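Report on the structure given below.
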Amino acid sequence: MTDNELIWRIAGGSGDGIDSTSQNFAKALMRSGLNVFTHRHYPSRIRGGHTYVEIRAAEDEVKSRGDGYNCLLALGDSFARNPQENAYYGNEETKPLSENLDELREGGIIVYDSGLLDTEEIPDFEERVEENDWHVFDIDLRGMAKEHGREVMRNTAGVGVTAALLDMDLDHIEDLMADAMGGDILEQNLQILQDAYDYTKEEYEFEHDLRVPTGDHEEEQVLLSGSNAIAYGALDEGCRFISGYPMTPWTDVFTIMSQNLPKFGGISEQVEDEIAAAALAVGASHAGVKAMSGSSGGGFALMSEPLGLAEMTETPVVLVEAMRAGPSTGMPTKPEQGDLEHVLYTSQGDSNRVVFAPGTVDEAYDQTRMAFKMAYEYQLPAIVIFDQKLSGENTNLDASFFDREPNPDPGSVMTEDEIAEAAHDASGKFHRFQHETDDGVSPRSLPGQKGGRYLATGNEHNPPGHISEDPENRVYQMDRRMQKLESIRTELDEEHETQQTYHGPDDAEYGIITWGSQQGAVEEAVDRLNDAGHSVKSIGVSDMMPFPEAEMTEFLESVDEALVVEMNATAQFRGLTQKELGLYGDKMTSLLKYNGNPFEPGEIVQGFEAEIDDSATDLATGTRVEPAAGD
Amino acid sequence: MSAFNAIGDERDIDRDEYTPGLEPQPTWCPGCGDFGVLKALKQALPEVGRTPDETLVCTGIGCSGKLNSYLDTYGFHTIHGRSLPVARAAKLANPGVEVIAAGGDGDGYGIGGNHFMHTARENHDMTYIVFNNEIFGLTKGQTSPTSPKGHKSKTQPSGSAKTPIRPLSLGLTSGASYVARTAAVNPNQAKEIITEAIEHDGFAHIDFLTQCPTWNKDAKQYVPYVDIQDSDDYDHDVTDRREAAEMMHETEDLLYEGTVLTGRYYVDDDRPSYQEEKQAIGEMPEEPLAERYFDDDYEWERSADLLDRHK
Ligand SMILES: Cc1ncc(C[n+]2csc(CCOP(=O)(O)OP(=O)(O)O)c2C)c(N)n1
Ligand code: SF4
């Protein structure tokens with residue numbers, strides 16, 4: 001943990017502008033030279049309902065939301081409209097203050113809007129403040145906002161107050177406001193910002209020592225989310241067709257693509273359901289366009305059939321699965337890593353697909369590109385699986401990271417000249433699914449190409465595509481399709497740098513294994529454990545299928561014991577590892593969390609120490625240890 | 001150089017090109033109406049000047065879904081009920097390709113009913129042929145959405161309590177800009193209607209009556225039929241939606257009473273196709289998207305162009 005860090009939490013009612021305010025605040029911190037990481041918590045409601053965004057900022061790299069936070073801006077929920085007091089959702093109005101106190105660190109700061117919130121209504125407030133040595137600033141943010149503009153601008157007043165308390169420059173915030181608005185609205189906001197800043201400086205004496213850290217970036221930074229990175233990876237890989245149906249949190253990727261594709265000469269289709277969505281992507285790809293679709297758990301379940309169709313017809317397509325807590329509709333706005341097995345094996349028959357699970361924003365970009373590359377080279381569906389956490393969290397990257405060449409190559413498609421040379425029936429039908437290949441890939445033709453006619457069918461078929469139940473052909477075709485996965489594994493191992501992410505000393509005694517979005521929290525935990533005298537390293541695994549057998553074997557061989565950290569109740573990734581390797585059941589213990597919140601690094605540290613000391617009772621609430629086989 | 005030279009090939013096309021000798025022989029039962037669709041389609045395609053290489057026939061699953069197995073074009077034999085979403089995306093990806101979708105009444109009005117409604121609503125420029133035999137053929141004779149009320153089958157032993165779907169009315173209300181019914185027993189009209197449907201610039205829905213002598217015994221060879229365009233008893237303005245709707249209702253009622261009316265019911269030549277609508281709002285490129293991947297001079301936009309908003 002860096003001591004010199006600000007973790008600022010803005011809390012209010014959803015619909016109160018928390019998102020835009022926090023986005024600007026995060027950018028301002030980034031522009032001032034800091035590394036930032038945002039975490040968003042929101043309920044599944046349209047208006048009202050307690051929500052917060054946390055921004056962690058430090059000079060050093062920040063990989064997770066951290067543990068707890070040190071500065072609260074509580075706005076009050078102006079949309080709270082409860083029919084009865086304390087009905088069902090509790091007292092919404094005061095939640096932005098009361099709900100957030102548990103995680104506020106000792107010595108932290110509270111700014112609350114005394115225009116909307118009354119501490120009298122919050123039990124034990126005074127005692128807790130005293131106990132925790134919190135510094136409280138009750139300021140009528142709503143009043144300030146009303147004075148120069150409108151009530152909703154109380155966000156701006158709050159930002160002005162925090163800036164004053166933390167000795168932060170207003171310049172970056174003002175610039176960002178000027179980018180986002182103009183005219184009277186801008187004038188009013190600037191006025192409110194300055195007033196709040198001046199008022200705070202004048203009226204209060206600051207006894208706290210929390211200040212905005214200082215930092216310096218070597219080059220220009222950009223702030224973006226996992227969903228942005230997936231969309232941008234797809235665009236750079238030449239994806240120009242997307243079809244979807246809204247479902248949280250997949251909607252983010254779908255929206256970003258829909259807003260940009262037309263400008264880039266592509267097509268976006270919102271269709272009747274997810275079966276159609278995936279089937280459209282298959283149809284577009286069949287006709288020669290790089291295509292993508294996706295959904296979240298329930299919608300992905302509907303895609304099961306078109307997914308199998310893509311496997312059988314060897315139609316390249318990229319599907320995105322943005323996990324949220326399940327089963328069924330589950331918890332729409334809460335992250336979980338519970339769909340791994342669903343994504344690996346859904347649809348009938350033997351799975352013949354690529355599945356990547358990026359762990360960070362930059363990996364989300366890289367692995368989406370790799371997913372397209374593999375899908376189009378090897379003619380099979382590739383799935384990018386991630387979760388609500390990575391989808392919505394923003395972090396900064398060097399702008400130059402995106403300075404990449406686009407890749408419009410449609411993969412193993414033949415030109416008409418090549419088709420003319422290739423095998424055909426005596427009747428002229430092209431042998432699209434020929435048996436003899438080096439790597440399992442038989443090149444394809446596109447409708448409209450001369451001489452490339454063939455039948456693509458979801459039934460088993462012979463080389464020209466005719467339906468066939470001939471046993472010998474069946475085995476040939478099956479083996480050829482499965483061989484593609486081996487070829488992909490070989491290509492990934494030999495030609496590309498590993499997609500797995502290692503952290504910590506090579507010769508460490510203990511290992512932590514994780515996959516997907518928990519990677520950052522695990523790496524922070526590894527650093528802390530090593531600082532505390534343990535000997536630990538981690539691997540963040542991204543390749544789910546084909547499985548990185550050699551790398552995982554090497555990692556597991558090199559440690560005495562390993563803790564597998566994942567956000568589900570049934571240890572799905574540990575199960576996959578055991579299935580794939582057939583070994584190490586007694587070496588792996590699981591640390592599981594599935595209460596709707598992602599791991600904080602401190603919980604992983606605790607889980608690890610509890611496991612080492614055999615004292616699993618000391619675990620944080622919401623986490624669970626699943627012992628190794630034989631334990 | 002184009003990557004799709006088959007598209008727009010202007011030569012004269014021999015009907016035999018659609019069935020070279022090595023195609024598998026149809027496995028349809030003797031007397032099956034599906035033969036009629038295959039034949040009519042083979043006659044219509046050269047008529048509209050489409051070569052096999054520039055034609056994509058997408059089918060669902062069922063006896064009807066085998067259509068493209070016996071037709072030497074590009075083909076996509078998809079899954080039960082899903083021919084339309086696959087077909088319409090292929091059309092959007094490469095509008096130069098002639099796209100025809102086909103399937104059974106179970107496939108199109110049952111499991112794929114939602115896709116039918118939405119594809120019609122969007123008015124994609126394609127042809128959709130539904131083989132209406134009022135039965136599930138391939139799975140051996142279960143009641144289908146067009147089976148008459150009271151129809152008994154192994155899965156509905158007491159007779160169906162459901163009113164049959166009205167396919168023509170459904171096509172019209174969903175938004176198809178061309179709706180017709182023809183029958184396998186009426187080959188000349190069938191060829192004419194398929195030709196017209198392919199040439200129609202929008203979603204053309206053909207409810208094609210195909211007898212199933214194997215499972216639908218008491219049916220229905222769909223003879224005698226009346227060609228409404230040739231009959232003085234029936235007359236309506238095919239461009240008038242209300243009149244068309246009336247005619248359809250009459251047709252659909254009469255079918256179950258034993259009077260088979262066929263012909264074109266609704267033709268709207270003015271309505272822009274989905275592709276045109278999308279182009280008008282700037283959400284679809286003028287050039288076929290699929291071509292772009294073969295154009296070495298095309299400047300591909302990059303995500304880096306979008307980074308300003310993230311700084
Ligand atoms: C999802 C799914 N459900 C069921 C089936 C089994 N199935 C195959 S064809 C068919 C019905 C065919 O009836 P219809 O569409 O009317 O076509 P026909 O065989 O009469 O031409 C069914 C239920 C399937 N292949 N896929
Ligand atoms: S079962 Fe019926 S629909 Fe199928 S081939 Fe035989 S006659 Fe035709």
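Everything quoted here is computed from the prediction, not taken from an experiment. Proteins get letters first, then strands, A, B, ... in listed order; numbering begins at 1 in each. These numbers come from the heavy atoms of this one structure, side chains and all, not from hydrogens, waters or symmetry mates.
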Side chain, backbone, both or neither: which part of [X] has a heavy atom under 4.5 Å from chain B?
X         : value
Asn228(A) : side chain
Glu220(A) : side chain
Thr315(A) : side chain
Tyr365(A) : side chain
Asp403(A) : both
Met30(A)  : side chain
Pro464(A) : neither
Leu280(A) : both
Asn394(A) : neither
Leu176(A) : side chain
Ile467(A) : side chain

Between [X] and [Y], does any side-chain N to carboxylate O distance fall below 4.0 Å?
X         : Y         : answer
Glu17(B)  : Arg11(B)  : yes
Glu122(B) : Lys91(B)  : no
Asp236(A) : Arg302(B) : no

Around Lys373(A), counting heavy atoms of other residues, nucleotides and ligands shown, do more than 12 lie under 6.0 Å from its NZ?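 No, because the 6.0 Å sphere around NZ of Lys373(A) holds 12 heavy atoms or fewer from other groups.
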Cation-pi check, Arg404(A) onto Phe401(A) ring (under 6.0 Å, within 45° of axis):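 Pair Arg404(A)/Phe401(A) counts as cation-pi.
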Under 6.0 Å between the ring centres of [X] and [Y]?
X         : Y         : answer
Phe116(B) : His205(B) : yes
Tyr128(B) : His115(B) : no
Tyr274(B) : Phe203(B) : no

Report which part of Asp9(B) has an atom under 4.5 Å of a heavy atom belonging to chain A: side chain, backbone, both, or neither.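 The answer is the side chain of Asp9(B).
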At a 4.5 Å cut-off on heavy atoms, which part of Ile7(B) comes close to chain A: side chain, backbone, both, or neither?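 Both backbone and side chain of Ile7(B) come within 4.5 Å of chain A.
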What is the minimum heavy-atom distance between Arg292(B) and Phe264(A), and which atoms define it?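 So the two residues come closest at NH1-O, 3.9 Å.
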